[in-house]
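If you're wondering where the values come from, they're calculated on a predicted model, not measured in any experiment. Residue numbers begin at 1 in each chain, while the letters A, B, ... track the order of the sequences.
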Amino acid sequence: MSSHARFYDVVRRIPRGRVATYGGVARAAGSPGAARRVGYALAALGDRDDVPWHRVINSKGEVSRRSGGTGFEHVQRALLESEGVVFDARGRVDLDHYGWP
DNA sequence: CTAGTGACTGTTT
DNA sequence: AAAACAGCCACTA
């Protein structure tokens, strides 16, 4: 089993309508400070529907940008709004309210 | 083995 | 407030 599976498992536990930070996922997976590996793991994930990768955002409460500039942030924002997450005028999420402990 | 890179974070300008 | 810097570690060439 790859260490990535551990991160995927944590992301799967994020309840619908909530979001988690990369650092938070890394910490919950038992590897604090491994935020970069979480991002790498999700990037390597590809098209899997069983992992709600759109619920994982950065510490600023904003959606991170992928290499290649694919305009992916708009898609992720739409997916989160579809689950009841509200973005503010700056395109950010209130982690104090929607952040998953 | 070394070097470069990245869905990040926290501190300092 | 936003931008720049440094630290971090797995993966690829």
Side-chain angles (χ1 to χ4, degrees):
Chain A
M1 131 159 189
S2 308
S3 357
H4 293 162
R6 193 157 185 138
F7 297 133
Y8 301 153
D9 193 42
V10 174
V11 175
R12 264 194 222 100
R13 285 185 231 165
I14 302 173
R16 190 173 174 281
R18 303 252 166 147
V19 295
T21 63
Y22 290 94
V25 171
R27 188 160 49 78
S31 301
R36 273 190 114 133
R37 282 170 277 157
V38 174
Y40 197 91
L42 292 179
L45 177 49
D47 326 338
R48 294 191 184 214
D49 309 349
D50 53 328
V51 179
W53 52 269
H54 53 267
R55 292 182 192 147
V56 183
I57 56 183
N58 61 26
S59 62
K60 293 174 196 148
E62 200 173 54
V63 178
S64 300
R65 266 209 242 213
R66 235 159 93 346
S67 51
T70 50
F72 221 61
E73 24 180 296
H74 181 77
V75 178
Q76 181 161 6
R77 172 175 171 165
L79 282 164
L80 289 174
E81 285 177 329
S82 178
E83 297 190 344
V85 178
V86 179
F87 283 69
D88 66 7
R90 287 220 237 58
R92 288 160 95 189
V93 179
D94 185 357
L95 287 174
D96 291 327
H97 194 165
Y98 293 103
W100 183 57

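Proximity of A:Arg18 to A:Arg55: side-chain heavy atoms (C-beta onward) are nowhere separated by under 4.5 Å. A:Pro15 has its side chain within reach of A:Trp100: a pair of non-hydrogen atoms, C-beta onward, lies under 4.5 Å apart. In this structure, the side chains of A:Glu62 and A:Val93 stay at 4.5 Å or more apart for every pair of heavy atoms.
The phosphate of B:dC8 (OP1 or OP2) has no side-chain N or O of A:Thr21 nearer than 4.0 angstrom. The phosphate of B:dA7 has OP1 or OP2 within less than 4.0 Å of a side-chain N or O from A:Ser67. At B:dA7, none of the side-chain N or O atoms of A:His54 fall inside 4.0 Å of OP1 or OP2 (strictly under the cut-off). For the pair A:Arg37 and C:dA10, the criterion of a side-chain N or O lying under 4.0 Å from OP1 or OP2 is met.
B:dA7 and C:dA13 are spaced 22 Å apart, taking the C1' atom of each and rounding to whole Å.
Summarising the geometry, the separation between OH on A:Tyr40 and P on B:dC8 is reported as 13 Å, rounded to the nearest angstrom. In this structure, A:Arg65 atom CZ and B:dT5 atom P are separated by 20 Å, rounded to whole Å. Atoms CZ (A:Arg27) and C1' (B:dG10) sit 15 Å apart, rounded to a whole Å. Atom NE2 of A:His4 and atom P of C:dA10 are 9 Å apart (whole Å). The distance between atom CZ of A:Phe7 and atom P of C:dA10, rounded to the nearest whole Å, is 9 Å.
With C:dG7, B:dA7, C:dT12 as the candidates, the nucleotide lying closest to the side chain of A:Arg36 is C:dG7. Here B:dT9 is the nucleotide among B:dT9, C:dC11, B:dC8 with the atom lying nearest to any side-chain atom of A:Ser59.
A:Gly33 comes within 4.0 angstrom of nothing in the nucleic acid, heavy atoms only. Within 4.0 Å of A:Tyr22, counting heavy atoms only, lies at least one base atom of the nucleic acid.
Checked against the 6.0 Å centroid threshold, A:Phe72 and A:Trp53 count as a close aromatic pair.
Under the side chain to side chain contact (heavy atoms under 4.5 Å, CB included) test applied with A:Val56, the options A:Val63, A:Val19, A:Ile14 reduce to a single match, A:Ile14.
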